[in-house]
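Notes to accompany the following structure.
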Amino acid sequence: MIGENLKYSLEEQEEDVLELLYSRWKNRQPLNMSEVAQLKGLEKNELYAIIRRMIKNGYLRDSKDRKQVILTDFGKAQGEECLERHFRLTEFIEMISGVDRAEAEENACRLEHIISEGVLQGFLEFMKDGMPYDRELHDTDLGFLYAPGTYPFTMGLYHADKRYPRVLAPEAEVFGDAVTLEIGEAGSFFLLKPQEPQADKTLWYSTGGRWVKAAWSEEGYRLPAKALVLTINSVFPVKECEGIVAYLGADQMPGEDNCCDLNIHIW
């Protein structure tokens, strides 16, 4: 299995030993070095090398007989954090994968050393209310959501500089609120058709930091779905596709003062 042969770093070894020592201290069990070595599958000389580093880092201090160690206040605080992280990750893995406790613990034991605080907090929020965060997908062909064909949806065109609250841009009157999604061999496209097409104007869209003219067809301007950002949430059936467009005369170039936000709701 990928990852199972990766060696533990020195930091991972220290955290694992600290977690075990804190757990035993919390349960009023002796911090005996022989037992700790046996539980962690370490040779005594390996454990003693780890213990020396942990003493140097302020987690532990020596006892008089050198057969046991004593957790410092700093070591207890860090050990509590490690143990809590381990338990929460184990619970999360059990919840989302359905594996047994032993397998969940084994995976949590590796994951807990590299996961960031932000990601861990996201896991905890999901466990609390089951509400996943929105996901933004870029450069996405909507063929993974829909079979070949055409689909009617709704859209809005808004002032780019008035977002809280949103205010409809003048272009909204030109295009209305109807838009069609076309899925085919060439990819996925949104078809935006002015209610009264103007020969001296064209639709531009922003993609990859540059402006591109949308191709025209009898069905309307063809805007590639890949040019938009798709926001999805597994709880809500409605998804959003957002981008920046401009509807200008042939001699005009798009800029911050003449573009608008495009928002399309799909479901």
Side-chain angles (χ1 to χ4, degrees), residues 1-3 92-93 95-98 118-119 122-123 125-126 129-160 163 166 168-169 171-199 201-248 253-254 258-267:
M1 182 183 296
I2 295 176
F92 179 76
I93 293 170
M95 174 191 289
I96 65 169
S97 67
V119 173
F123 286 177
E125 290 297 323
F126 178 86
D129 55 22
M131 183 69 72
Y133 290 93
D134 289 345
R135 284 193 296 144
E136 289 189 352
L137 304 180
H138 298 257
D139 195 32
T140 302
D141 191 303
L142 296 180
F144 83 100
L145 286 174
Y146 302 96
T150 57
Y151 304 85
F153 294 118
T154 60
M155 72 172 188
L157 290 162
Y158 303 92
H159 281 281
R163 295 178 177 171
R166 280 176 165 172
L168 287 172
E171 289 85 350
E173 293 187 15
V174 176
F175 287 90
D177 61 2
V179 63
T180 299
L181 172 63
E182 177 186 275
I183 305 291
E185 292 184 0
S188 53
F189 296 85
F190 286 106
L191 307 177
L192 284 70
K193 190 170 186 178
Q195 299 183 50
E196 295 183 7
Q198 301 178 43
K201 285 196 171 185
T202 190
L203 184 72
W204 297 74
Y205 61 90
S206 178
T207 179
R210 61 191 181 93
W211 285 97
V212 179
K213 287 184 179 181
W216 170 259
S217 69
E218 291 184 1
E219 293 78 21
Y221 290 104
R222 299 173 62 81
L223 180 60
K226 286 188 173 184
L228 306 181
V229 176
L230 171 65
T231 301
I232 62 175
N233 185 303
S234 62
V235 174
F236 302 108
V238 177
K239 305 167 182 65
E240 289 188 332
C241 292
E242 296 182 298
I244 302 175
V245 298
Y247 188 55
L248 304 172
M253 285 295 296
N258 58 12
C259 65
C260 57
D261 290 340
L262 169 64
N263 179 272
I264 300 174
H265 284 174
I266 63 176
W267 50 85

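Computed from a predicted model, the values in this text were never measured in an experiment. Note that these values count all heavy atoms, side chains included, but never hydrogens, waters or copies made by symmetry.
- Relative orientation of the Phe123 and Phe92 rings is parallel, given thresholds of 30° and 60° on the angle between their planes.
- With sequence neighbours excluded, the residues that form a side chain to side chain donor-acceptor pair (under 3.5 Å) with Asp141 are Ser188.
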Considering only distance and modelled atom types, tabulate donor-acceptor pairs under 3.5 Å from the side chains of residues 259-267, sequence neighbours left out.
unit_1	atom_1	unit_2	atom_2	d
Asp261	OD1	Arg163	NH2	3.1
Asp261	OD2	Arg163	NE	2.7
Asp261	OD2	Arg163	NH2	3.1
Asn263	OD1	His265	NE2	3.2
Asn263	ND2	Glu242	OE2	3.1
His265	NE2	Glu240	OE2	3.1

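- Scanning all heavy atoms of the two residues, the minimum distance from Lys193 to Trp216 falls at CG-CH2, 4.4 Å.
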| task | Decide yes or no on side-chain contact (heavy atoms from CB on, under 4.5 Å) for Leu157 and Tyr247, but give the supporting numbers first. | result | CA-CA 11 Å; Leu157 290 162; Tyr247 188 55; over 6 Å; no

| request: Mind running side-chain contact (heavy atoms from CB on, under 4.5 Å) on Leu142 and Tyr151 for me, showing each step along the way? | output: CA-CA 11 Å; Leu142 296 180; Tyr151 304 85; over 6 Å; no

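- Within the 4.5 Å cutoff, the side chain of Asn258 has no heavy atoms near those of the Trp204 side chain.
- Here the straight-line distance linking atom OG1 of Thr180 with atom CG of Leu192 works out to 9.0 Å at 0.5 Å rounding.
- Residues Tyr205 and Tyr221 place their aromatic rings such that the two centres sit no closer than 6.0 Å.
- Scanning for side chain to side chain donor-acceptor pair (under 3.5 Å) contacts around Glu219 gives Ser217, with sequence neighbours left out.
- The shortest distance between side-chain heavy atoms of Leu145 and Lys239 falls below 4.5 Å.
- Looking at Leu223 and Val179, their side chains never come closer than 4.5 Å, going by heavy atoms from C-beta outward.
- Residues Cys241 and Phe153 are not in side-chain contact: their nearest non-hydrogen atoms beyond the backbone lie 4.5 Å or more apart.
- Leu191 has its side chain within reach of Arg222: a pair of non-hydrogen atoms, C-beta onward, lies under 4.5 Å apart.
- Residues Glu171 and Val245 form no side-chain contact, since every pair of their non-hydrogen atoms from C-beta on lies 4.5 Å or further apart.
- When side chains are defined from C-beta on, Met155 counts as touching Phe175, because their heavy atoms get closer than 4.5 Å.
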